[in-house]
Amino acid sequence: YTSDVVAEILKNYKVHTLKLVGGEPFLAENWSKIAEAIDKGYCKDLKLEVTTNGTIINNEILSRLAKTRSARIMISVDSIGSNYEFIRWPHTWKKIEKNLNFLKNNQVDNVKIAIDNLVNIFNFEFLPEIEEYFWNTKRVGYSCEIKPATSLMNYQNLPEHIINKVKNRLRNDDLRNTLVSGNNNYSKEQLRHEFIVLLAQRKMKAEDVIGPLTREYLEL
């Protein structure tokens with residue numbers, strides 16, 4: 001496992017900065033050897049950044065991160081509620097919200113928490129609610145990335161009237177100014193087909209997980 005190699009590097013070299021990304025870093029096979037290196041005191045001067053989907057968060061992980069010089073947990077959360085479950089199927093929002101609340105209620109001085117929200121066609125209509133949920137959370141950072149313009153999931157594949165209505169409901173000027181209409185790289189039929197396939201795969205109803213403006217536009 002890659003974690004074995006990383007653990008050996010931590011034990012044998014003075015590593016000052018380490019970023020763990022890809023897959024899920026806190027799975028046992030990815031984390032146990034690194035955790036062992038932390039326990040043995042090899043990471044006292046380490047700045048550690050972990051990008052996680054937030055499905056595995058507990059006291060054991062938090063206590064170990066606290067043994068580093070500083071740690072930052074970057075949690076990829078694409079949405080909230082049922083829309084999150086549509087995008088991140090088969091994960092449940094209940095579990096993610098529980099883990100987020102655990103982190104907010106058990107914060108450690110040298111462990112920082114940040115939310116990374118990927119703006120895409122599936123969650124675009126929910127951005128005002130996502131912003132409201134995360135933006136003012138005490139001691140938790142919040143930032144957005146945008147799905148590339150060439151992707152079917154890019155929000156610019158939605159019509160301009162939907163983009164403008166969502167933008168007008170946002171409170172943060174920087175986020176609002178970042179979102180602009182663009183060229184549609186995919187047809188309405190292609191988008192509709194993608195939504196239908198995903199809804200069928202997840203056994204979900206459009207009215208339960210997709211915004212009303214998007215449903216109306218795609219005739220779902």
Nearest 0.5 Å please: distance from the [atom1] atom of [X] over to the [atom2] atom of [Y].
X	Y	atom1	atom2	result
Ile146	Ser151	CD1	OG	12.5 Å
Leu118	Ile87	CG	CD1	8.5 Å
Ser143	Asp174	OG	CG	12.0 Å
Cys43	Ile34	SG	CD1	8.5 Å
Leu48	Lys19	CG	NZ	11.0 Å
Asn123	Lys147	CG	NZ	11.0 Å

With side chains defined as the heavy atoms from C-beta onward, is the minimum distance between [X] and [Y] less than 4.5 Å?
X	Y	value
Tyr155	Phe122	no
Arg169	Glu129	yes
Leu18	Leu10	yes
Arg69	Asn110	no
Pro128	Val166	yes
Lys33	Glu8	no
Lys44	Thr68	no
Ile121	Asn154	no

Please check if the side chain of [X] supplies one atom and the backbone of [Y] the other of a donor-acceptor pair under 3.5 Å.
X	Y	value
Asn105	Phe102	no
Asn185	Ala149	yes
Ser32	Ala28	yes
Asn164	Lys167	no
Asn53	Glu24	no

If you take all heavy atoms of [X] and [Y], which pair is closest and at what distance?
X	Y	answer
Leu27	Ile56	CD2-CD1, 3.5 Å
Asn99	Gly54	ND2-O, 2.7 Å
Leu175	Glu131	CD2-OE2, 4.5 Å
Leu152	Asn157	O-ND2, 3.1 Å

With a cut-off of under 6.0 Å to the ring centre and 45° to the axis, is Lys188 in cation-pi contact with Tyr217?
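Ring-cation test returns yes.
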Mind running side chain to side chain contact (heavy atoms under 4.5 Å, CB included) on Leu62 and Ile57 for me, showing each step along the way?
CA-CA 8 Å; Leu62 198 58; Ile57 298 292; over 6 Å; no
Please tabulate, for the side chains in residues 70-82, all donor-acceptor contacts under 3.5 angstrom to protein atoms that are two or more places apart in sequence or on a different chain.
from, atom 1, to, atom 2, distance (Å)
Asp78, OD2, Arg88, NE, 3.1
Ser79, OG, Asn83, OD1, 2.6
Ser82, OG, Asp208, O, 2.6

Cut-off 3.5 Å, no hydrogens considered: what does the side-chain donor-acceptor table look like for residues 196-203, sequence neighbours left out?
from, atom 1, to, atom 2, distance (Å)
Arg202, NE, Phe86, O, 2.5
Arg202, NH2, Phe86, O, 3.3

Angle class for the Phe26/Trp31 ring planes (parallel below 30°, perpendicular above 60°, tilted otherwise)?
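Ring orientation of Phe26 relative to Trp31: perpendicular.
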Do NZ/NE/NH1/NH2 and the carboxylate oxygens of Glu36 and Lys11 come within less than 4.0 Å?
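Yes, charged N to carboxylate O under 4.0 Å.
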For Glu145, check side-chain hydrogen bond (donor to acceptor under 3.5 Å, both in side chains) against everything at least two apart and list the hits.
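For Glu145 there are no side-chain hydrogen bond (donor to acceptor under 3.5 Å, both in side chains) partners, ignoring immediate neighbours.
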Mind checking what makes side-chain hydrogen bond (donor to acceptor under 3.5 Å, both in side chains) contact with Arg176, not counting sequence neighbours?
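Applying side-chain hydrogen bond (donor to acceptor under 3.5 Å, both in side chains) to Arg176 gives Asp173.
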For [X] and [Y], does a side-chain donor sit closer than 3.5 Å to a side-chain acceptor?
X	Y	answer
Ser181	Gln156	no
Tyr133	Glu97	yes
Tyr142	Asn117	yes

If you apply the rule side-chain hydrogen bond (donor to acceptor under 3.5 Å, both in side chains), what do you find for Thr92 with Glu85, and how did you get there?
CA-CA 5 Å; Thr92 66; Glu85 295 182 349; 4.9 Å; no
Run the side chain to side chain contact (heavy atoms under 4.5 Å, CB included) test on Leu179 and Leu127 for me, step by step, so that the C-alpha distance in whole Å, both residues' side-chain angles and the decisive distance to 0.1 Å come before the verdict.
CA-CA 11 Å; Leu179 303 173; Leu127 277 183; 3.8 Å; yes
Pairs satisfying side chain to side chain donor-acceptor pair (under 3.5 Å), at least one member in residues 190-199, at least two apart:
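Only Ser187-Gln190 qualify under side chain to side chain donor-acceptor pair (under 3.5 Å).
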Check whether the ring centres of Phe126 and Tyr84 lie less than 6.0 Å apart, and answer yes or no.
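Ring centroids of Phe126 and Tyr84 are no less than 6.0 Å from each other.
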Pair Glu125-Lys165, salt bridge (Lys or Arg N to Asp or Glu O under 4.0 Å): steps then yes or no
CA-CA 9 Å; Glu125 196 172 336; Lys165 282 187 177 180; over 6 Å; no
Under the ring-ring contact (aromatic ring centres under 6.0 Å, His included) rule, what pairs show up with a residue in residues 40-59, not counting sequence neighbours?
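Pairs touching residues 40-59 that pass the test: none.
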Would one find more than 12 heavy atoms of other residues, nucleotides or ligands at under 6.0 Å from atom NZ of Lys67?
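More than 12 within 6.0 Å, yes.
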Look at atom NZ of Lys47 and say whether more than 12 heavy atoms of other residues, nucleotides or ligands are closer to it than 6.0 Å.
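Open: at most 12 neighbouring heavy atoms sit under 6.0 Å from NZ of Lys47.
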Is Leu46 reachable from Val21 through a run of I, L, V, M, F, W or Y residues, each pair having side-chain heavy atoms under 4.5 Å apart?
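No; Leu46 is not reachable from Val21 via cluster members.
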Please lay out, stage by stage, how Val119 and Thr178 fare under the test side chain to side chain contact (heavy atoms under 4.5 Å, CB included).
CA-CA 11 Å; Val119 177; Thr178 299; over 6 Å; no
